[in-house]
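One structure below.
Values below: all heavy atoms of this structure, side chains included; hydrogens, waters and symmetry mates excluded. Within every chain, numbering begins at 1; the chains are lettered A, B, ... in the order of the sequence lines, protein sequences first and strands thereafter.
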Amino acid sequence: MAEFESKGSSNFIRNIIEEDIRNGVFGGRVHLRFPPEPNGYLHIGHAKSICLNFGLAAEYGGLCNLRFDDTNPTKEELEYVESIKEDIKWLGFDWGDREYYASDYFDQLYQYAVQLIKAGKAYVCDLSAEQIKEYRGTLTRPGRESPYRNRSVEENLDLFERMRAGEFEDGSRVLRAKIDMASPNLNMRDPVMYRILHAEHHRTGDKWCIYPTYDFTHGQSDSIEGITHSICTLEFEDHRPLYDWFLDELKIHHPKQIEFARLNLSHMVLSKRKLLALVEGGYVSGWDDPRMPTLSGFRRRGYTPASIRNFCERIGVAKRESVVDIALLEHCVREDLNKHAPRVMAVLNPLRVVIDNYPEGKRETLEALNNPEDPGMGTRKVPFSRVLYIEQDDFMENPPKKFYRLAPGREVRLRYAYFIRCVDVVKDQNTGEVKELHCTYDPATRGGDAPDGRRVKATLHWVSAQHAIPAEVRLYDHLFTVPAPKEEDEGADFTAYLNPHSLITLKSCRVEPSLQGAAPGSRYQFERLGYFCVDAFDSSDGWLVFNRTVTLKDAWAKIKKGQGLNPA
RNA sequence: UGGGGUGUCGUCAAGUGGUAAGACACGGGCCUUUGGAGCCCGCAUUCGGAGGUUCGAAUCCUCCCACCCCAGCCA
């Protein structure tokens, strides 16, 4: 029998799981979980973890739970749990009825704590936060034992019960594990298990005024759920000995923890702190600003769930910290959208073109392919008339080498329409700005083919002036100008690298009439320009707003850059 | 100067003693009614460095170097 149908390349986590299955560890079961804290929005880094956990579970015929690690009522909110669930569903994963909360285990956790107290492995400590810090020692100096470390089991039990009963103030006492104040691993220097927090929890209300720390919750929660492999990020590697200690002292099911490196994306920041700073500093319009790396931002930008899943598969999983080039993500959306997005013509910066020899008042309906990649997507009608708009960038009065679009005297093809030749250029008297082009068309080239076999170097997109719909288009670009927007040594912080052109709003665009009534969120390819989607919030029946998801690969832009011309 | 990790192409990343996959990016070509898409070719004599073991090392050993994480009653 075939080993495992391996999707993508192998990685160390797959290797571990496969070996465990082979050896019958955990009875061959694979049960994973995605454990977010409901204190913020999910971003693409979380997507990596979601795809990993849910993907691995599906791959090995296992299960993946969704568990909210909600142990800190002062930071967590219902709004976040809702957004997290929505984003996971959008990404395409299903946790079935296995929606859990660490807070569901508060009673059990309390019992575990009592069990450790009774075993002489935990004690109530009256030291203040500052004192605990002092007693902890440093990286190179061992800590000192708390004077409360050797209280009797009875006293500890009594004090802990009274902590729970609300007799003490926040911060006045904590429950600590009695491990080793001299351990080189600071996590083992009698870590805090419970703290007093008179705060209302979004799920348990005011039932508790003591809350377990993450360290005393996470491992046991995985254990309670029968998780086999607890996949988490690198920074928890140092905590593993502590989780092992709790699980072993408690003598309960012991999942295997595996750590991997979190995702970093070039030209972007992914830390919660920085993302929050972007939102609060007004650098972006919110958590779902299309420039944000949040799943809600990508959704609004027009990214497809499939493209993000594919990206997460392709970046791989490893322990070395790395920065993935955002070009790979962009490649993944293009790849998906190229196959599925209907094509349409839209002119972002209109330049008026009058076809001199085309009858005034005449209108024709031309047929256009909805997707050359997929004939099954059919065709549509596009109106043509005497006055058109083309892209300003598609005309140059004095074209440089390699520019083979429209220029005085030059002939080009209008996509699905006719060959046209530029015969005159109307310019603003004062500014010299090109206001309008006069062209002639060749009636014999209807549809875009010349019966005499003559060729043109370029094909331009266009819209009929009187039929086109006005629209707003938002052009998005990388949020940062540098691959790794780090903190500067002095002065500037990471916001110094914000790209001033990350959003360009165009309000005099013209799109072909078939776009009338386009559904919010629907995605299109604007031929020769890129992929765009109807903004789900700002677009309405009367005013279409499009977000640029990603540009098409642009050979001309590259040439321009090579020639040192303004990339514009 | 404690402990835990990591170092393979510009960027990710396979590789687990038998003679460096793949992807993105990049360069070149073909094709083209999107300068899109697609297709083809090229792209690490070398795996952080230095020694060593071996017929043979990115893989084993030794030493060294660099980078990341840890001193929250955050997760």
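Residue contacts for A:Arg320: at a heavy-atom cut-off of 4.0 Å it reaches a base atom on one of the strands shown. Within 4.0 Å (heavy atoms only), A:Arg405 reaches at least one base atom of the nucleic acid. Counting non-hydrogen atoms under 4.0 angstrom, A:His218 reaches nothing in the nucleic acid. Here A:Tyr194 lies out of heavy-atom contact (under 4.0 Å) with every strand. Nucleic acid contact for A:Glu259: none, since no nucleic acid atom lies under 4.0 Å from a heavy atom of the residue. A:Glu237 comes within 4.0 angstrom of the backbone, heavy atoms only, and of no base.
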Pick out the pairs of N or O atoms, protein on one side and nucleotides 65-69 of chain B on the other, that lie under 3.5 Å.
unit_1: B:rC68; atom_1: O2'; unit_2: A:Glu321; atom_2: OE2; d: 2.3

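One finds no salt bridge joining A:Arg14 and A:Glu18 here, because no Lys/Arg side-chain nitrogen approaches an Asp/Glu carboxylate oxygen to under 4.0 Å.
Taking a pair to require two hydrogen-bonding distances under 3.5 Å in either a Watson-Crick or a G-U wobble arrangement, B:rC63 pairs with B:rG49. When Watson-Crick and G-U wobble pairs are counted only if both distances are under 3.5 Å, B:rA75 pairs with no nucleotide at all. The pairing partner recorded for B:rC26 is B:rG42, the criterion being a Watson-Crick or G-U wobble arrangement whose two distances lie under 3.5 angstrom.
The aromatic ring centres of A:Phe216 and A:Tyr112 sit 6.0 Å or more apart.
Side-chain atoms of A:Arg314 and base atoms of B:rG22 include no donor and acceptor less than 3.5 Å apart.
Regarding contacts with the backbone of B:rA23, every side-chain N or O of A:Asn310 stays at 4.0 angstrom or more from both OP1 and OP2.
In this structure, A:His239 and A:Phe236 have perpendicular ring planes: the angle between them is above 60°, well past the 30° mark. Classified by interplanar angle (parallel below 30°, tilted 30° to 60°, perpendicular above 60°), the ring pair A:Trp208/A:Tyr110 is tilted. Taking the six-membered ring for Trp and thresholds of 30 and 60 degrees, A:Phe494 and A:Phe480 have ring planes inclined between 30 and 60 degrees apart. Relative orientation of the A:Tyr100 and A:Tyr105 rings is tilted, given thresholds of 30° and 60° on the angle between their planes.
The side chain of A:Lys558 has B:rC26 as its nearest neighbour among B:rG36, B:rU16, B:rC26.
None of A:His461, A:Arg380, A:Lys381 except one satisfies the side chain to side chain donor-acceptor pair (under 3.5 Å) rule with A:Glu512; the exception is A:Arg380.
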